[in-house]
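Take a look at the structure below.
Chain letters run A, B, ... following the sequence lines, proteins first, then strands; residues in each count from 1.
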Amino acid sequence: MKILNIALLAMMALIMGTLPSSAIIVVDVNQGHVNPLPIALTDLVGSDQEITSSGSVREIGQKITQVVTADLARSGLFNTLDQKAFINSANGNTNPQFANWRAIGAQALLTGTAVLDEDGRVRVEFRLWDVLAGTQMTGLRFFTSPKNWRRIAHLIADTIYKRLTGEDGYFDTRIVYVSESGPYLDRIRRLAIMDQDGFNHKFLTDGSYMILNPRFSPTAQEITYLSFYNDTPRVYLFNIDTGKSEMLGEFEGMTFAPRFSPDGKQVIMSKAERGNSDIFAMELSTRRITRLTEHSGIDTSPSYSPFGRYITFNSDRGGSQQIYVMDSDGGDIKRISRGNGLYATPVWSPRGDLIAFTKQTGGKFYIGVMRPDGTGERILTESFFEEGPTWSPNGRVLMYYRKYPYDNRGGGGDTQLWSIDLTGYNERQVITPLDGSDPAWSPLMD
Amino acid sequence: MLKNKFYAKFLLMIGAALVLSACANTNDSAMDEAPVPVEATPPPAPAPTPVETVQIDPLSQEALDMVMGGIEGAMVHFAYDRYDVDATARNILQAQANWMQSNNVNVIVEGHCDERGTREYNLALGDRRANAVKNYLVAMGVNASRIRAVSYGKERPVDMNDHAKNRRGYTRVN
């Protein structure tokens with residue numbers, strides 16, 4: 001699979017010539033759903049006469065605005081105003097008539113153009129306006145192959161998100177997950193990848209053997225995962241560009257629950273020896289493996305802190321499943337989970353301030369967060385079964401999977417990807433072609 | 001299903017034997033009866049039902065399941081979040097070990113969990129269970145090199161709602 005970023009951003013430049021305004025409108029990401037910012041997103045203006053392999057440039061401009069609108073709306077932080085209410089139609093790059101946008105309650109406005117260049121690339125320009133102040137907040141110009149229009153849309157959405165929230169976006173990202181199909185007692189589980197909004201979906205394995213626990217590399221087009229190839233569950237490394245996979249080390253026992261270090265140079269994982277699972281780190285360049293824990297209890301689900309100094313993991317060494325934190329060399333092991341119930345699948349936020357987890361108590365499952373010292377536990381969502389949170393690269397959104405109970409007629413058991421904002425609002429199903437589990441969010445693409 | 005097929009064949013064979021002995025008895029008793037006028041055309045003899053005989057491969061899963069009284073018998077079960085082999089399981093594993101000692105096969109011992117837990121923890125728990133079964137078979141005299149312990153975590157349930165049935169170790173001829 002070829003990666004989109006090749007030949008994507010031949011140039012990406014700030015549009016000069018307008019003074020940067022001081023930020024008058026700001027979206028507070030911590031407010032959740034309370035006051036989504038009203039934003040008007042006009043179609044990027046393009047010509048019907050300029051035809052590309054992805055449709056006319058006018059169609060590309062419209063499609064880009066549709067994807068930007070969907071991204072921003074899905075974040076829960078923006079009220080994307082209905083184009084039917086617009087008094088002005090799209091006006092390209094000319095100065096907007098702000099009064100007409102104020103009249104419909106817009107506080108921010110997107111305008112822009114799409115033009116076919118002589119070299120066959122599309123030039124996309126957009127400007128984000130502060131409607132109340134009547135000033136431009138930001139503007140960018142992109143050059144790319146027409147078929148990359150969807151990525152341009154996500155980059156525009158990320159730029160708007162960042163300008164209005166002050167934090168990096170997460171729209172130009174992908175999700176790798178386990179696609180599930182077939183009868184509930186004989187599931188087919190294969191590796192699949194898609195854009196964060198569900199488009200460009202692709203299966204990466206054919207389902208002839210079970211795949212679990214996929215995770216993105218933070219630095220390369222690589223995925224590590226667990227494969228049951230040949231009835232031998234082992235951790236593999238998959239190269240997205242070449243489609244090739246290789247087993248990471250050859251061990252007598254199972255290796256599982258892999259996860260990259262933040263610098264992408266190591267994979268941390270569980271390794272089982274005669275029934276006992278401990279945590280090991282493997283240096284990818286040498287395939288050298290280092291033992292980090294040694295205990296008769298189960299040690300699994302390891303996850304590094306953002307700079308790789310600490311590791312959080314799941315262990316039943318104290319008699320029940322709890323969350324622990326240790327130094328990345330295995331020293332100074334401390335239990336941090338303190339509430340009632342079982343705690344599992346700890347995952348350190350990319351911002352470092354929180355650890356997300358799965359909790360099991362009273363016959364239900366929960367996704368929550370706590371500080372790395374175990375304080376401030378907060379439950380975000382609960383259901384019959386859910387587990388395995390993964391963070392958006394900006395640490396604002398969690399994705400996980402949920403499984404519904406079987407019903408008496410042999411149905412039910414649906415397994416779906418869901419996402420929720422860190423505020424606990426804006427819970428949404430992430431649509432996949434078949435059932436899905438074990439989502440893992442990519443970093444922002446370069 | 002394999003088991004049922006086998007029993008069906010077995011019953012057919014028993015049935016055939018009973019028919020033969022029944023015929024013999026009829027002939028014996030007929031000697032005491034008065035002669036009956038012979039009819040011009042005797043009724044046509046019914047064609048014998050063909051009996052297909054298939055040898056059960058003594059080294060197959062079918063054979064192991066048969067010895068154990070079916071697939072259920074090739075399984076041992078575990079308590080919630082536990083991996084110790086209880087008395088019931090020990091009886092089953094003793095029989096498995098006996099069978100392995102007289103049949104030269106290798107097996108995979110599958111460790112399974114119920115669905116009420118996280119995926120990664122259950123992989124580890126399934127590995128504990130598979131190894132607990134393997135260790136018992138080895139203690140009963142089976143060479144460890146003939147047994148491979150594989151955890152499937154909670155990914156291969158056999159029952160949608162009965163969690164106790166899913167917490168199991170299954171011995172599979174490899």
Side-chain angles (χ1 to χ4, degrees), chain A residues 178 180 183-187 189 210 212-213 226 228 231-233 252-254 256-258 269-270 272-278 297-302 313-316 320-321 342-345 357-360 363 365 384-388 401 403 405-408 410-413 437-438, chain B residues 71 78 80-85 106-139 144-145 147-163 165-166 168-174:
Chain A
V178 174
E180 300 202 6
Y184 296 118
L185 300 185
D186 190 15
R187 292 292 256 182
R189 294 189 173 87
M210 181 161 66
L212 301 172
N213 307 156
L226 169 62
F228 277 72
D231 276 324
T232 309
E252 188 196 332
M254 170 172 64
F256 61 110
M269 64 181 91
S270 278
E273 289 175 354
R274 296 183 183 85
N276 179 36
S277 299
D278 285 322
I298 287 174
D299 293 340
T300 190
S301 302
F313 65 101
N314 184 205
S315 179
D316 69 351
S320 71
Q321 289 180 72
L342 305 179
Y343 291 80
T345 76
F357 57 82
T358 306
K359 181 172 180 169
Q360 178 180 356
F365 286 74
F384 170 76
F385 182 85
E386 55 197 27
E387 71 150 311
Y401 83 91
K403 182 165 180 170
Y406 301 114
D407 63 34
N408 294 330
S437 63
D438 273 11
Chain B
I71 282 176
F78 297 91
Y80 173 75
D81 203 17
R82 299 291 292 269
Y83 60 104
D84 47 303
V85 176
N106 292 340
V107 297
I108 288 178
V109 172
E110 302 179 355
H112 297 274
C113 306
D114 67 46
E115 296 188 84
R116 303 302 287 162
T118 55
R119 192 164 256 176
E120 291 177 350
Y121 181 85
N122 276 333
L123 285 167
L125 179 59
D127 195 69
R128 276 179 166 174
R129 287 175 175 166
N131 277 281
V133 169
K134 175 177 175 174
N135 290 345
Y136 197 83
L137 292 173
V138 170
S145 66
I147 309 168
R148 194 152 70 86
V150 178
S151 172
Y152 289 84
K154 62 171 178 171
E155 314 304 330
R156 293 275 181 264
V158 289
D159 193 287
M160 290 163 97
N161 289 305
D162 190 339
H163 303 313
K165 280 188 181 162
N166 292 332
R168 68 201 192 276
Y170 176 58
T171 303
R172 168 156 66 94
V173 173
N174 188 18

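Partners of B/Y121 under the ring pair (Phe, Tyr, Trp, His ring centres under 6.0 Å) rule, at least two apart in sequence or in another chain, do not exist in this structure.
A/S437 and B/R119 are linked by a side-chain donor-acceptor pair at a separation below 3.5 angstrom, with hydrogens and angles left out of the test. For the residue pair A/T300 / B/E120, no side-chain donor-acceptor distance below 3.5 Å is found, with atom types taken as modelled. At a cut-off of 3.5 Å, with distance as the only test, a side-chain donor of B/R148 or A/T232 sits close to an acceptor on the other residue.
The CG atom of B/D159 lies 9.5 Å from the OH atom of A/Y406; values are rounded to the nearest 0.5 Å. Between the CG atom in B/N131 and the CG atom in A/N276 there is a gap of 9.5 Å [rounded to 0.5 Å]. Remark: A/D231 CG to B/E110 CD distance equals 7.0 Å, nearest 0.5 Å. To the nearest 0.5 Å, the span separating CG on A/L342 from CZ on B/R116 amounts to 11.5 Å. How far CG of B/L123 is from CG of A/N213: 6.0 Å, rounded to the nearest 0.5 Å.
Look at A/R187 and B/E155 and you find no salt bridge, because none of the NZ, NE, NH1 or NH2 atoms lies under 4.0 Å from a carboxylate O.
In this structure, the portion of A/N314 lying under 4.5 Å from any heavy atom of chain B is its side chain and not its backbone. Proximity to chain B involves both the backbone and the side chain of A/F384, based on heavy atoms less than 4.5 angstrom apart. Interface residue A/F256: only side-chain heavy atoms are found under 4.5 Å from chain B. Neither the backbone nor the side chain of A/D299 has a heavy atom closer than 4.5 Å to any heavy atom of chain B.
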